[in-house]
Amino acid sequence: MHVADLPLAPEYVDHFEGAGIEELYPPQVAAVEAGVCDGDNVVAAVPTASGKTFVAELALLTAGGPGLYVCPLRALAREKYEEFDALPGVDAGISTGDYDSAASDLAENDVIVATSEKVDSAIRNGAEWVDDLACVVVDEVHLLGSPGRGPTLEVTLATLRRRTPDVQVVALSATIDNPEDIAAWLDAELVESTWRPVDLRTGVCADGEVRFDDGTDLSVPVDAGDPATDADTEATVDLVRGAIEDGGQALAFVSSRREAEALADRLTEERLAAVAAGRDRGGDGDPDAPVADPERAAAEVAEELRGAGTTGTGERLAESAAWGVAFHHAGLSSDHRALVERAFRERRLAVICATPTLAAGVNVPARRVVVRDQRRYTGEGTEWLPVLEVHQMCGRAGRPHLDPYGEAVLVADDADGREELWNRYVTADPERVESKLRDPAALRTHTLALVATGLAGSQVAVLDALSGTFYASRTANPDLGGAVGDAIASLIDDGMLAAAEAAEAGSGTAKGSAGGDGGTGDAGSGIEATDLGAQVSRQYLTPETGVRIVEGLEAVAGMTDEDVTELTAFEIVCDTPDMVDTYLGNAERAEIYQFARDRSAELTTGMAEATDFEAWLESVKTARILTEWVDGASVEELVEAYRIGPGDLESRIERAEWLLGAADALADVVGVNMPAFASARAKL
DNA sequence: CGAAGTCAAATATAGACAGCATGTC
DNA sequence: CTATATTTGACTTCG
């Protein structure tokens, strides 16, 4: 099937042909046959890089009305937005937490790109553009199974479909075990394929030999190596070097930030930029290679990195980049991360040593992917990485048009390990995707949102609104009644909801309304959001966060004015579940404890009353970092003193900004004067 | 006596979405 | 419930 055969206006055909898209890939043909261009619902479970974006574009361009593209990451949203905006005659808009087109424009855009949380938030805040959509494309729909974010996605989609029953839904998923369940939920035709534009072979390396799933072998020259590093690392180094000598690039995945940096250090000794340079000078280089002199390119990347930050992390990154090696994890500043990704795409870096971040992020393909670590630490010891995640790492192997093939290698300890990895990851299917909506915390949040937006005014109505979710479609007898009843009762206890009549009068105070007799008794009785609940929902706060802020404000009301400082404001917002917690090392505990004692007058929680003292101490650490930040401390100083990465500092500042704004709004509702929220926020 | 070496115990561990109202070249 | 690399510290040995 050719682009010209599609029901597309000529300018689009020209555009796609100009971009090198002429003959459709098999999964794209299947999607067309399933009706993406005819307004039909389609679920496409296909590998990354098999042309999903084009399928999305087909749906959006042929829908005959405004379209919405939902994806999980802000960086991906940016990427897609730029892509859509480049389409002839298409006016694209973007709406994410950190980057927004003007609200007035959004309603007029042909296509809006947004994260799922932003769509949820837009619905809660009554944005105009969520109505009248002709088409919704959901990327990475398998995130439905993610405990934190899946429920948001399914409730949001259910709400959109309820408001606009005729909307076309196109969902794009990684290869999973049960895409038919998602298709059944969405009344969609399922397109399943494992086709890729570049061949991929996956193998396991053990005892110096890689065995691939296509029957081929590869022996890894077992270098005696540096005795300071282990066999896994040496095998990884050899595999990476092999890919570079062969004219490609490599990605190496390890389990922790420290490991990523240590591996980068080790690879630096291999002089990879020089290897790549020697290969090119040897004359058998790829004529398409845009990099004539890898050594010089690497040196330039190092300079760019130095220009983007002067922290210890940045300097280490620049030092390794000078050798064509980079590391990549969430501790990097966002500038550094973006620079590394771009430099690698431009082939100015030979290898990236990464934590699993890179598996799901923006497109960074490489000739060879080496997965050295397949386990990850959790609170309960180390766990195997999900099959889906490892497959996504492996799927990064092979650049269309640039690599003749892609190779993914899992590194095992020994023959037993080879067997284990082979069965677990090479031949095994990915996990099933199951709804996580039953989680009480998720139900609380979404029940509040449904009531606050006026979509439901009773327990029965909430259940009805939830009947369009993935969860409900998967369960013959959803039995959410009890769980939703519990959610409503707890929200009434927290002062977020109240019986319909009482809501008007008893709004505002946290513990004021309705005792415990509403909600559970009569499932049909009317409920409304209190002013507090409405504000919590609009500010996109978890109800628990709302409760904590109100408690903080109550404590503040009893404090003397001069004791209410920016530290007070930070302590309140840092002690909520919506703030990321900061690791508190044993070495620092005593010092933070001392700090908390010295400044206890400014804190809303007494040392003795904290229900979870450890967690509270962690939030005091975060609050202290932010306090020093607004007092003028530099990134370098904070990173050094508190053993966090520049990226960690960035994310905490960003979140504090949001939470302080929200807390300020809640202070108004509760009627407590707390200027410290706004003043602290202004200094971030 | 002090420096250097040894071994066991302690330490630390991935990631990332969200508000809102203006102002600006 | 599961692991592991690195750092720290107590202790020993060597010069």
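Chain letters run A, B, ... following the sequence lines, proteins first and then strands; every chain starts at 1.
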Using a 4.0 Å heavy-atom cut-off, does [X] contact any base of the nucleic acid, only the sugar-phosphate backbone, or nothing at all?
{"X": "Thr152(A)", "result": "nothing"}
{"X": "Leu541(A)", "result": "nothing"}
{"X": "Arg124(A)", "result": "nothing"}
{"X": "Gly148(A)", "result": "nothing"}
{"X": "Asn125(A)", "result": "sugar-phosphate"}
{"X": "Arg652(A)", "result": "nothing"}
{"X": "Ala662(A)", "result": "nothing"}
{"X": "Ser121(A)", "result": "sugar-phosphate"}
{"X": "Arg257(A)", "result": "sugar-phosphate"}

For [X] and [Y], indicate whether the former's side chain and the latter's backbone hold a donor-acceptor pair under 3.5 Å.
{"X": "Asp85(A)", "Y": "Ala92(A)", "result": "yes"}
{"X": "Thr115(A)", "Y": "Leu73(A)", "result": "no"}
{"X": "Trp658(A)", "Y": "Leu541(A)", "result": "no"}
{"X": "Thr236(A)", "Y": "Asp232(A)", "result": "yes"}

Using heavy-atom distances to pick each residue's nearest nucleotide on DNA chain B, tell me which of Gln539(A) and His328(A) is more 5'.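 The answer here is His328(A).
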I want to confirm an ordering. Mapping Pro356(A) and Lys118(A) to their closest nucleotides on DNA chain B, which one lands closer to the 5' end?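 The answer here is Pro356(A).
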Check Glu614(A) with Arg589(A), please: is the shortest side-chain N to carboxylate O separation under 4.0 Å?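 A salt bridge links Arg589(A) with Glu614(A).
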In plain terms, say whether Arg418(A) and Asp207(A) are close enough for a salt bridge, that is, a side-chain N and a carboxylate O under 4.0 Å apart.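 No, no charged N to carboxylate O under 4.0 Å.
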Salt bridge (charged side-chain N to carboxylate O under 4.0 Å, His left out) between Arg163(A) and Asp131(A), intermediate numbers included: CA-CA 7 Å; Arg163(A) 287 168 65 146; Asp131(A) 284 313; 2.9 Å; yes
Pairwise P distance, dA14(B) and dT7(C) [rounded to whole Å]: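 These two P atoms come out 15 Å apart once rounded.
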Quickly, which of Glu383(A), Glu259(A), Glu389(A) forms a salt bridge (charged side-chain N to carboxylate O under 4.0 Å, His left out) with Arg376(A)? Name it, please.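 Considering Glu383(A), Glu259(A), Glu389(A), a salt bridge (charged side-chain N to carboxylate O under 4.0 Å, His left out) with Arg376(A) is found only for Glu389(A).
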Side-chain donor-acceptor pair under 3.5 Å between Arg74(A) and Tyr99(A), yes or no?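 Note: Arg74(A) and Tyr99(A) side chains miss the donor-acceptor criterion.
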Could you tell me whether the side chains of Thr622(A) and Arg652(A) share a donor-acceptor contact shorter than 3.5 Å?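 Result is no, nothing qualifies.
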Check every nucleotide of DNA chain B for an atom under 4.0 Å from a heavy-atom of chain A, then give the first and the last such nucleotide from 5' to 3'.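 Both ends considered, the range comes out as dT11(B) to dC20(B).
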Kindly give the atom pairs (protein nitrogen or oxygen, nucleotide nitrogen or oxygen) under 3.5 Å for nucleotides 2-4 of chain C.
| from | atom 1 | to | atom 2 | distance (Å) |
| --- | --- | --- | --- | --- |
| dT2(C) | O2 | Thr382(A) | O | 3.0 |
| dT2(C) | N3 | Thr382(A) | O | 2.9 |
| dT2(C) | O4 | Glu380(A) | O | 2.9 |
| dA3(C) | O4' | Thr382(A) | OG1 | 3.1 |

Identify the heavy atoms of Gly495(A) and Thr530(A) that sit nearest to each other, and give their distance.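 That closest heavy-atom pairing would be O-OG1, 2.6 Å.
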Where do Lys52(A) and Asp139(A) come nearest, in terms of heavy atoms and distance?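 Heavy atoms only, the tightest pair is NZ-OD1, 4.1 Å.
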Let me test you: for the helix from dC1(B)-dG15(C) to dT13(B)-dA3(C), what is the angle between the axes at its two ends (five pairs each), rounded to 10 degrees?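 The end-segment axes of the helix from dC1(B)-dG15(C) to dT13(B)-dA3(C) are tilted 10° relative to each other.
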dC17(B): pairing nucleotide in any strand, Watson-Crick or G-U under 3.5 angstrom: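 Here dC17(B) is not engaged in any pair, so there is no nucleotide opposite it.
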